[in-house]
Amino acid sequence: MKKSVVFGALTVAGLAAGAAAAGTLDDVKARGKLNCGVTTGLVGFAAPDANGEWGGFDVGICRAVAAAVLGDPKAVEFVPTTGKTRFTALASGEIDMLARNTTWTFSRDVDLKFTFVGVNYYDGQGFMVPKELGVSSAKELDGATVCIQTGTTTELNLADFFRSNNISYEPVPVETNAESQQQYLSGACDVYTTDASGLAATRATFEDPAAHILLPEIISKEPLGPLVRHGDDNWGDVVRWSLNALITAEELGVTSANIGEMAAGTNNPEVNRLLGTEGTLGEMLGLDADWAKKAIMAGGNYAELFEGNIGESTPIGLARGLNAQWTDGGLIYSPPFR
């Protein structure tokens, strides 16, 4: 679900350089569709419903970008990717952007030649265990079997944690979140470890979520966000500022309910610049003047996306925490629209 270990760096970097050269914004406009890489299925973040319609917090980012560029939040082809396949899919040009619970790290940014355009969820790696296991701390897991997705730096974080605490474990390698869930519930592993948000999302799908607990330890920093290929700054700007538009909309009180009224003009110059009634921000990006308005209308502002998909009123039940606006003590913050 996150953090692939760097592999085939030169190959991936070479693919990225070639794919970016064409100009992704022009490609998306000509195609009339955004190809967005997502997870193979994580409820609340990215998963298809019974009718095959994708929804979730990360899916909302894809739809916002499609709306900004194409004027249609449904003009998206969702491409499911695993921890192993996601970076190759982006580097090769199979997808235009990746919005898949992916952690911003030095090596991914620099060595794999990707550009992370921002953070849409500040997370950390945690542990889930059956309540009947009778443990209250990850430091009590000596000798445990641990389900862990391959191709992720979750493996490295886990090894570091157990080594630093002088305890041992037996890894149970899995490919996808669905496989992790199956193995964990069947008893093939005592523990499942990944991003704490992913654990909460997975637990919410269990028949008896209360029979499983998230241990208190958070053992890493996991700033998750969308990314694009190096070498195409214009496209990076489009995706970056589409995310920033959702964040700024929350800060300025622009919602899917009042955006029509506010787009008619306000006495706040930044709201006017955001919604395209003042200035030329859209032109600078190569988009229509109301690009940000369309992005916000796709699924609401940042708060609406969060609360509607993964917030405390949903089965996932995540509090805003670090993902509150900077004005509320959190880390969510957008540069100004000016």
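Below, each value reflects all heavy atoms present in this structure, side chains not excepted, and no hydrogens, waters or symmetry copies.
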Let me see the working for Glu140 and Ser136 under side-chain hydrogen bond (donor to acceptor under 3.5 Å, both in side chains), right down to the final yes or no. CA-CA 7 Å; Glu140 300 171 13; Ser136 58; 3.2 Å; yes
Close aromatic pair by centroid cut-off 6.0 Å: His212 and Tyr192: no
Has [X] got a side-chain atom pairing as donor or acceptor with [Y]'s backbone, closer than 3.5 angstrom?
| X | Y | result |
| --- | --- | --- |
| Arg240 | Gly118 | no |
| Glu179 | Glu175 | yes |
| Asp195 | Ser197 | no |
| Asn272 | Thr266 | yes |
| Asp328 | Ala324 | no |

Name of the residue among Leu252, Val271, Thr255 meeting side chain to side chain contact (heavy atoms under 4.5 Å, CB included) with Met262: Val271
Criterion side-chain hydrogen bond (donor to acceptor under 3.5 Å, both in side chains) against Glu222, the qualifying member of Thr154, Asn157, Asn101: Asn157
Just to verify, which of Asn120, Thr102, Thr39 counts as forming a side-chain hydrogen bond (donor to acceptor under 3.5 Å, both in side chains) with Asp58? Asn120
Where do Phe45 and Val38 land on the side chain to side chain contact (heavy atoms under 4.5 Å, CB included) test, with the steps shown first? CA-CA 9 Å; Phe45 285 89; Val38 292; over 6 Å; no
Candidate list Tyr121, Phe116, Tyr122, Phe114, test ring-ring contact (aromatic ring centres under 6.0 Å, His included), partner Trp104, passing option: Phe116
Please list, one pair per line, the donor and acceptor atoms closer than 3.5 Å that link side chains of residues 283-301 to other protein atoms, with sequence neighbours excluded.
unit_1	atom_1	unit_2	atom_2	d
Asp288	OD2	Lys294	NZ	3.1
Asp290	OD1	Lys294	NZ	3.3
Asn301	OD1	Ala303	N	3.0
Asn301	OD1	Glu304	N	2.9
Asn301	ND2	Val254	O	2.9

Given a cutoff of under 4.5 Å between side-chain heavy atoms of I, L, V, M, F, W and Y, with clusters grown through shared members, what are the other residues clustered with Val174? none
Give me the other members of the hydrophobic cluster that Leu141 sits in, counting Ile, Leu, Val, Met, Phe, Trp and Tyr linked by side-chain heavy atoms under 4.5 Å, directly or via other members. Phe127, Val129, Leu133, Val135, Val146, Ile148, Leu158, Phe161, Phe162, Ile167, Tyr169, Val191, Ile213, Leu215, Ile219
Would Thr150 and Glu155 count as a side-chain hydrogen bond (donor to acceptor under 3.5 Å, both in side chains) if you check the C-alpha gap in whole Å, the side-chain angles of each, and the deciding distance to 0.1 Å? CA-CA 7 Å; Thr150 56; Glu155 297 170 290; over 6 Å; no
Give every residue pair that meets the salt bridge (Lys or Arg N to Asp or Glu O under 4.0 Å) criterion with at least one member in residues 249-273, sequence neighbours excluded. Glu250-Arg320
Of all heavy-atom pairs linking Cys62 and Ala99, the shortest is SG-CB, 3.8 Å
Sequence neighbours excluded, every pair satisfying ring pair (Phe, Tyr, Trp, His ring centres under 6.0 Å) that has a member inside residues 232-258: Trp241-Phe337
Quick one: salt bridge (Lys or Arg N to Asp or Glu O under 4.0 Å) partners of Asp96, sequence neighbours excluded? Arg31
